[in-house]
Amino acid sequence: MDLNTLVLSKQGRLLACLQENIRIPSVEGPAEEGAPYGIHCRCSLDHVLAAADAMGFKTCNVDGHVGWCEYGEGDEMVAVLGHLDVVPAGDGWSFDPWGGEIKDGKIFGRGTMDDKGPSIAALFALEALRDSGLPLKRRVRLIFGCNEETGATDVHYYLEHGGEVPVMGFTPDAEYPIINGEKGIINGYCSRSFTQTGDLKLVSLKGGIASNVVPEYAKAELACNAELAARLAEKSFEKVTFTVTDTGLTVEAFGENAHGSLPWLGENAIGRLVLALKELPFEGELAGILSFLAEKLGMDTVGKAAGIHLHDEISGDLSFNWGVMTADEHHLELVINYRYPVTFDYADCGPAFQTLFEANGFTVRQVHKEKLYIPADSDLVKTLLKVYKEHTGIDGKPICIGGGTYAKCLPNILAFGPIFPGDEAREHKPDEFMEIPKLMKNAQIIAGAMYEMAK
Ligand SMILES: [Zn+2]
């Protein structure tokens, strides 16, 4: 039997195994001995490793953080990285999220697409590869993570505790055809204290909900006498409103929501608010700070005003999102999320950002998540695209994204599958499901990719 037929012959067992695992609600829970992400994540891992053991594969449980199973011989190892933890069910389901129900050729439940379905498909793909007897030069390892959704400390633990690094591999936890570039992501946390003098004072300011979301609303409370409040309330700025209060003025700015990796698709309410506040008669250090923020951040989405703009052909512009701002009478904090193109490094933008804010009296802390880039002409990208074409007939082009996938956690791997172009991404939504033919197509592609990487 050829490899594809062998994979298909396992459909019944694959679905039964996936159903059993869907019934374990492996949302992160309180840590326990041997279960760092809660008992359900541990049970889900134990279940898959027991299935792998029953197939005759060597298995290893790395203290409940990750587990792996392996087939083959050789000094080098190639890997498929999946995860067994899931996000909470949430509302709006018409099926039992923990049921694994099969209806109309689909399997429903939390994790069917993200990422239990592809992970268990990989397990049966490995069994099919073993059964095929095809000769391999490298070992094939399936790594099952348990903390992708809430921090991805699982693979970090694996690497810290001597986990072998694959020579190449992929994670079926994003989409086809292949993601070969993911921008580097930096969160800049900037804070400073200030003094205020004069007739107009800032009492509080709040805008934004998270660093990676373009803020759609921001609001400032100002204190001043009634006469000044009435005068300022007559000013007019686009999508900014002034409301006179008992103690002064409320200023509200409105923007448009978008993902922080694509800030140009939104409108930044914090930037809009600060541009308006800069025009008001503040005095003291605050006046200077507002001018600085208006000039260097404002409504900019590519970091040009801040002097850190970068661009490449492969992944486009550096993205720049002023995600959060809070302030009281004498202290303010900002969170800025910026992402640099894949052919650049932290050194090309991080230090300049740091210097700019420090020179203006801010304390700056930056948290950096390294970019990922495996060139389109590399063996790995060419191999995976060849397998993809064999199974779909489509000439796939590698893509670069601003978000980060699980691939960033482990060297030498990238994101490949499981969602086909044009299909709805149903992960994290109610009624998450996977069409059974597409689940099996994924298993075939994974088996073919494992063979091509290991042969
Ligand atoms: Zn996932």
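Counting starts at 1 for both ligands and their atoms, following the listed order.
Among heteroatoms of the N, O or S kind in Asp114, OD1 lies nearest the Zn ion (ligand 1).
A side-chain donor-acceptor contact under 3.5 Å links Gln366 and Tyr338.
Put simply, Glu149 stays out of reach of the Zn ion (ligand 1), with no N, O or S atom under 2.8 Å from it.
The pair Lys239-Glu267 meets the salt-bridge criterion, with a side-chain N (NZ, NE, NH1 or NH2) lying under 4.0 Å from an Asp/Glu carboxylate O.
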Kindly determine whether Glu70 and Leu126 satisfy side chain to side chain contact (heavy atoms under 4.5 Å, CB included), including the steps that lead there. CA-CA 9 Å; Glu70 193 175 87; Leu126 186 65; over 6 Å; no
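Note on ring orientation: taking the six-membered ring where Trp is involved, the planes of Phe170 and Phe416 are perpendicular (angle over 60°, cut-offs 30° and 60°).
Annotation: angle subtended at the Zn ion (ligand 1) by Asp173 OD2 and His83 NE2 is 90°, to 10°.
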